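Reading through the structure tokens given below for one structure.
These figures come from a predicted structure and were not determined experimentally.
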Amino acid sequence: MKIIVWITTVALVMLALFTAANWSLVTAPASLNFLAFSVQGPLGLILLGATLLLVALCAVYVLSLRTSTLVETRRHFKELDVQRQLADKAEASRFTALGIQISDELARTRAALDETRTQLLQRADTLEQSLLKSLNETANTLSAYVGEVDDKLDRLSPAAGSSLT
């Protein structure tokens, strides 16, 4: 874009220098024919004015294009910002939903672990009581056997003592 500005500026400076160098010819009167009527006037000055008018119209056109481009760009940026905000909100809601889902799953897992732990503790208590009961029964049985053996030894012992003496 800057090169166009430089070229236009150089062309206008050259036109100004050309006009200044040939000012007497530019302002010389001539007969001008407009098809419907004829007029006496400076042809060079009229052409110079028409040229400047065309340059001014082109400048206005370029400025209007530039302005409309800037307005359109601004509108696009606003739309992009709105879309970005929507995307951020959607992402935040997904993160929130994921956090809630993870919390729920963690709570369910903890509840299942607590229930399993309670069941294991109850089973361990039951097994411990069963083992103690079995040990007591075994101890009682052994005591009974030892008592029987002791009784038999006591019965055999006096008889053995009298036969030995």
Using modelled atom types and a 3.5 Å cut-off, is there a donor and acceptor pairing between side-chain atoms of T27 and backbone atoms of W23?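 Checking the backbone N and O of W23 against the side chain of T27, a donor-acceptor pair under 3.5 Å is found.
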Which value, rounded to the nearest 0.5 Å, describes the distance between [X] atom [atom1] and [Y] atom [atom2]?
X    : Y    : atom1 : atom2 : result
T73  : L80  : OG1   : CG    : 10.5 Å
L47  : T51  : CG    : OG1   : 6.5 Å
L121 : T126 : CG    : OG1   : 10.5 Å
N33  : L35  : CG    : CG    : 6.0 Å
E115 : L120 : CD    : CG    : 11.0 Å
D150 : K152 : CG    : NZ    : 12.0 Å

State which residues pass ring pair (Phe, Tyr, Trp, His ring centres under 6.0 Å) with F77; sequence neighbours excluded, sorted by chain then number. none
Salt bridge flag under 4.0 Å for residues K78 and D81: no
Any ion pair linking E91 and R94 (charged N to carboxylate O, less than 4.0 Å)? no
Check whether any side-chain heavy atom of E137 sits under 4.5 Å from a side-chain heavy atom of K133, and report yes or no. yes
Test item: L15 and L48 side chains (from C-beta on) under 4.5 Å apart, heavy atoms: yes
Considering residues, nucleotides and ligands other than Y61, do more than 12 of their heavy atoms fall under 6.0 Å from its OH? no
Looking at residues at least two apart in the chain, or sitting in another chain, which of them share a salt bridge (Lys or Arg N to Asp or Glu O under 4.0 Å) with E72? R75
Look at the side-chain heavy atoms of Ile, Leu, Val, Met, Phe, Trp and Tyr, link any pair under 4.5 Å apart, and say whether L70 and L65 land in one connected group. no
Hydrophobic cluster membership, F37 vs L43, 4.5 Å side-chain cutoff: yes
Given D125 and Q122, is the side chain to side chain contact (heavy atoms under 4.5 Å, CB included) satisfied, shown in steps? CA-CA 5 Å; D125 287 343; Q122 287 174 351; 5.7 Å; no
Taking L98 as the fixed residue, which of T96, I100, I102 is the one that meets the side-chain contact (heavy atoms from CB on, under 4.5 Å) rule?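 Of all the options given, the one that passes is I102.
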